[in-house]
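Beneath this line is the structure, given in structure tokens, with notes to follow.
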Amino acid sequence: MIKFLDLQKINLQYQNEIESKLIEVFRSGWYLMGNELAHFEKNLSRYIGSTTAIGVANGLDALRLILRAYIEMGVMSTGDEVIVPSNTYIASILAISDNGLVPVLVEPDTNTYNVDISKIEEKITSKTKGILVVHLYGRIIFSEKLKALAAQYNLKVIEDNAQAIGAEWNGTKSGNLGDAAGFSFYPGKNLGALGDAGAVTTNDDELAKTIRALANYGSNQKYVNIYQGLNSRLDEMQAAVLDIKLKYIDTENETRRHIAKRFINQISNPKIILPEYPEDEKEHVWHLFVIRTENREALQAYLVENGVQTLIHYPIPPHKQQAYKEWNTLSFPISEKIHEEVLSLPLSPVMKEEEVSKIIELLNKF
Ligand SMILES: *Cc1c(COP(=O)(O)O)cnc(C)c1O
């Protein structure tokens, strides 16, 4: 069976380095807010090009904390609107509604699966305070037009960079394009921890300071609480593992590009719609390789019978979820069509060329 993602194999690439580091952290007796976190934060900010990186407990917290900090800073307040793509993973939207802000959904572009920037302006009202862009499947969404819109309407641009670490737009890394970015290091992401982990990057010192306090019970100084904060820490074990794996992220993303290129050049079945390979290949880090077909269930069953595991990202659009009952009658036809047709093929830095060939051959025979 070709697994959708072989996490064991991915992490065993660095077995000696990770195991000796974990033993070192174990023996040190220091497990939270120590040197490992400080090193990782420094190396992550250096990699992204931002002045600050803040380790937090997970990707959802990273996004929640950015918005919560804007509320504490008086930049946003309850009932304000934040624009977000209608076909994202639910976490992007939860981060907004959890803060008492209103998510305003905008349809994606079917060539990139990212938000259609030309449809943003019509959704801007006097209550709009931010645009949460999601670099979905690992592909950057950004443009001069988006920058100009944000400047014209005084909107914060927040990046959900959970899926696109390492991608670049005109020489700037994702995570350094807007005002702040949230990262997830969930084990299956391109940079994955051995459990939950996340981070925020920003060049805004006041925002960074507010987030650090919010993530630490609302405190900058022990036992003095300025906000009703939360506890969202990146622990030393995870920080140490991430610091090791960060050194290899560019190499791993290059392997992902190589596999994506093979799929795109060699899959030629007219029943299958392939993703676009961007003109500037640095804009994509291929977190997921997502195809579309009208016969998705049949194709998925055929691939399983032939030893290939696939997944669907995502089967139900956010506006059709029970969690957002009030949106269930809304219509987002492009998102709905995407959710009915997408299928993610296995793509990872540890796949063998023969495995890639087998998948290509099976798809061409379907
Ligand atoms: C994974 C993911 C998140 C959430 O990250 P967690 O670490 O699981 O909380 C947010 N947004 C997107 C687009 C994701 O893929």
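Both counts, for ligands and for their atoms, begin at 1 and track the order of listing.
The existence of a salt bridge linking Lys358 and Glu355 is excluded, since no basic side-chain nitrogen approaches an acidic carboxylate oxygen closer than 4.0 Å. Residues Glu121 and Lys145 are not paired through a salt bridge, judged by the lack of any N-O separation under 4.0 Å between the basic side chain and the carboxylate.
Checked against the 6.0 Å centroid threshold, Phe4 and His313 count as a close aromatic pair.
Among all protein heavy atoms, the one lying closest to atom 10 (C) of ligand 1 is Ala91 CB, 3.4 Å.
Residue-to-ligand polar distances place Asp160 within reach of ligand 1: an N/O pair is separated by less than 3.5 Å. Close N/O approach between Ser184 and ligand 1 is found [any backbone or side-chain N/O within under 3.5 Å]. Ligand 1 has no N or O atom lying under 3.5 Å from any N or O atom of Tyr186, backbone or side chain. Considering backbone and side-chain N/O atoms, Leu60 comes within less than 3.5 Å of an N/O atom of ligand 1. Below 3.5 Å of separation, one finds no N or O of Ala162 facing any N or O of ligand 1.
Just one of Asn176, Asp250, Thr201 meets the side-chain hydrogen bond (donor to acceptor under 3.5 Å, both in side chains) condition when paired with Tyr47; it is Asp250.
Looking at Lys189, Gln163, His135 and measuring to atom 2 (C) of ligand 1, the nearest heavy atom belongs to Lys189. Proximity annotation for atom 6 (P) of ligand 1: of Gly138, Gly192, Gly59, Ala57, Gly59 comes nearest, heavy atoms only.
Applying the side-chain contact (heavy atoms from CB on, under 4.5 Å) criterion to Phe289, with sequence neighbours excluded, gives Ala260, Phe263, Ile264, Leu274, Pro275, Trp286, Ile291, Leu345, Leu347.
For residues 325-339, the salt bridge (charged side-chain N to carboxylate O under 4.0 Å, His left out) pairs, not counting sequence neighbours, are Lys337-Glu341.
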